[in-house]
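What you see is a predicted model; the values in this text were computed from it and never measured. Chain A is the first sequence line, chain B the second, and so forth, proteins listed ahead of strands; every chain is numbered from 1.
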Amino acid sequence: MSENKSTEQAPVDTSDLIAVRRAKLEALRAEGQDPFRANWAQTHTSAEAVKSYEAWEAEQPPLPEEEGAHREDCPDEVSVAGRIVVFRVMGKASFVKILDRDGQIQLYVTRDGLPEGIYNTYFKKLDLGDIIGARGTLFRTKTGEITVRVSAYALLAKALRPLPEKFHGMSDSEQIYRQRYLDLIANAESRERFQTRSKIVKEIRQFLWGRDFTEVETPCLHGVAGGAAARPFVTHFNALDCDFNLRIALELHLKRMLVGGFERVFELGRVFRNEGLSRRHNPEFTMLEVYQAYTDHRGMMDLIQGLIRHLCENVLGTFQIKRADSDEVIDFAAPWREVTYKELIIEAAGDADWFSRSKTDKLAACEKLGIQVDPELEDFAVTNDVFEKLIEPKLIQPTFVMNIPKELCPLAKISEADPDTIDVFELCINGQEIAPAYSEQNDPDVQRTMFMEQVGDDIQNLDEDFLMALEHGMPPAGGMGVGIDRLVILLTGAANIRDTILFPSLRPRV
RNA sequence: GGGUCCUUAGCUCAAUCGGUAGAGCAGUUGACUUUUAAUCAAUUGGUUCGGGGUUCGAGUCCCCGAGGGCCUACCA
């Protein structure tokens, strides 16, 4: 050991974790070894290796009952790779756990199992966080853990910085968001949540493809940011020398697709709203919008119910979800409640004549109900505050809120049954809005009038190109929007929208 | 945007009334060929987020700034 010291090395500050690792790196380079390999032939992931051993074991004769009985290794060699997350050297034998995309697998490495000299000179100098590949046969340790008996290994990528602490993981929320990769290495729940998110997105596509929907991609850069009422992010298009908005919704282009004869379309895409951040808001978030010709909001009710049940079945494996902050269970299998907006308001206000009262009376009633309402709001908005503050938070089980006042949705058809309202539902679950859906407005003149009321004097915010498309004729259709991030919150029990977004918006660190 | 709380070693956290900044993990050295947060022994490591102030003395009190959490506001 002491003879190796002859190669001249700058004294290493052993207190500096990075310097120690850099010194190890330099030592390897000085010997002509490459601490950053180009590839490794991985034959099994951790889970695949375990599975293959179990399959082999099932065909072996049972072990005798006597003490110390053990099996020979499974003869098939496996090659695994991953990041070292546990490193226990016990003299001439070591246990190492590596983390790969499926999870962890244990490696058993001994001095005599490796080529001569390797164990002491190189293996023991590996660090937590290093990425290695290893080959060997599988066996069970005396505690029963399926383990690779390593006959060869290679350092594939040296980690120059230490991992977060192994037991408590990483809990500094700022670091979790800014250095998500560390969170993913250190915190298994986080890793699983994002895998679940990915499965949800995959199964949404499977479900819609299965119903003959076509996935399309429409522009993010919009001349007029329409389809919702939110402040857009503005950017400048140099070649055309004009300002563009990042889209705030997918709606108006997908409806152009309906005009163009794509009768069943959807888009899963990022939208951007230049508004505040909160536990439930991130300025860029993912929307699913679905449009289906020759159906209406009723058809959308079947679709969303089918979609969410499909996700329960294929992603979660259950129709019952326990709420994060209480013992209440959300049951997606039971029939979903259907109730009109007016019924809910009348019930919450305890006033059958609510809708014929003056705004002054409504404001007085709000005070009695214990909610603060801005007196400057328009009449319908006062009522909607009652809905948002008093009713929505209590809609825990899946509930279709039907017949919303027409002022709230300028892109939907007026209801024949109640002309003050539109053919719309808002699906509320777990106290929040999960999916609004409409019978889409396809009368270009009515649409223009509704737009004019919405934009007021701001006439340049009128999407004339969209109105022209409608004039060419859009088939009757049902349409629906789903905030994917909030759906993931619901299905994973996440506390915060940021826990469902890999890299949430944060102020840049200078 | 407003309110409020937080920021101490690489990570997770202590530090009494304002009195020399500590521990576990990680690291380093040594022992150990079936460990499971391995164990045992020894040991290194601090611009207490940044700047200013009060004080004999500041991690602790005050002011300014930075970043973050929560609440709230805007958000069909």
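- The C1' atoms of B:A15 and B:G24 are separated by 15 Å, rounded to the nearest whole Å.
- Rounded to an integer number of Å, the gap from A:Arg88 CZ to B:U35 P is 10 Å.
- With contacts defined as side-chain heavy-atom distances shorter than 4.5 Å, the pair A:Arg180/A:Pro504 qualifies.
- Listed candidates were B:U28, B:U33, B:G68. Nearest to the side chain of A:Arg111 is B:U33.
- When each of B:U35, B:C75, B:G68 is scored by its nearest atom to the side-chain atoms of A:Glu174, the top-ranked nucleotide is B:G68.
- Geometric assessment of A:Lys342 against the ring of A:Phe355 yields a positive cation-pi assignment under the 6.0 Å and 45° thresholds.
- Within the cation-pi definition used here (under 6.0 Å to the ring centroid, within 45° of the axis), A:Arg149 qualifies as a partner of A:Phe139.
- Under 3.5 Å, the side chain of A:Gln106 and the base of B:U35 form at least one donor-acceptor pair of N or O atoms.
- Within the 4.0 Å cut-off from OP1 or OP2 of B:A37, not a single side-chain nitrogen or oxygen of A:Lys97 is found.
- Checking A:Gln106 against A:Thr141 by side-chain atom types alone, no donor-acceptor pair falls below 3.5 Å.
- Straight-line distance from the CG atom of A:Asp374 to the C1' atom of B:C75: 15 Å, rounded to whole Å.
- Nearest approach of A:Pro75 to A:Thr137, heavy atoms of both residues: O-CG2, 4.0 Å.
- Distances shorter than 4.0 Å separate some side-chain N or O of A:Asn496 from OP1 or OP2 on B:C70.
- With B:U34, B:U33, B:C75 as the choices, the nucleotide that has an atom nearest any side-chain atom of A:Ala93 turns out to be B:U33.
- Residue A:Arg231 places none of its side-chain N or O atoms closer than 4.0 Å to OP1 or OP2 of B:C74.
- The environment of CZ in A:Arg161 is sparse: at most 12 heavy-atom neighbours from other residues, nucleotides or ligands sit within 6.0 Å.
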Inset, instruction - Summarise how protein sits on nucleotides 2-15 of chain B as a single string, 5' to 3': B when a protein heavy atom is under 4.0 Å from the base, S for sugar-phosphate-only contact, - for no contact. - result: --------BBSS--
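- The partner of B:U39 is B:A31, by the rule that a Watson-Crick or G-U pair needs both atom distances under 3.5 Å.
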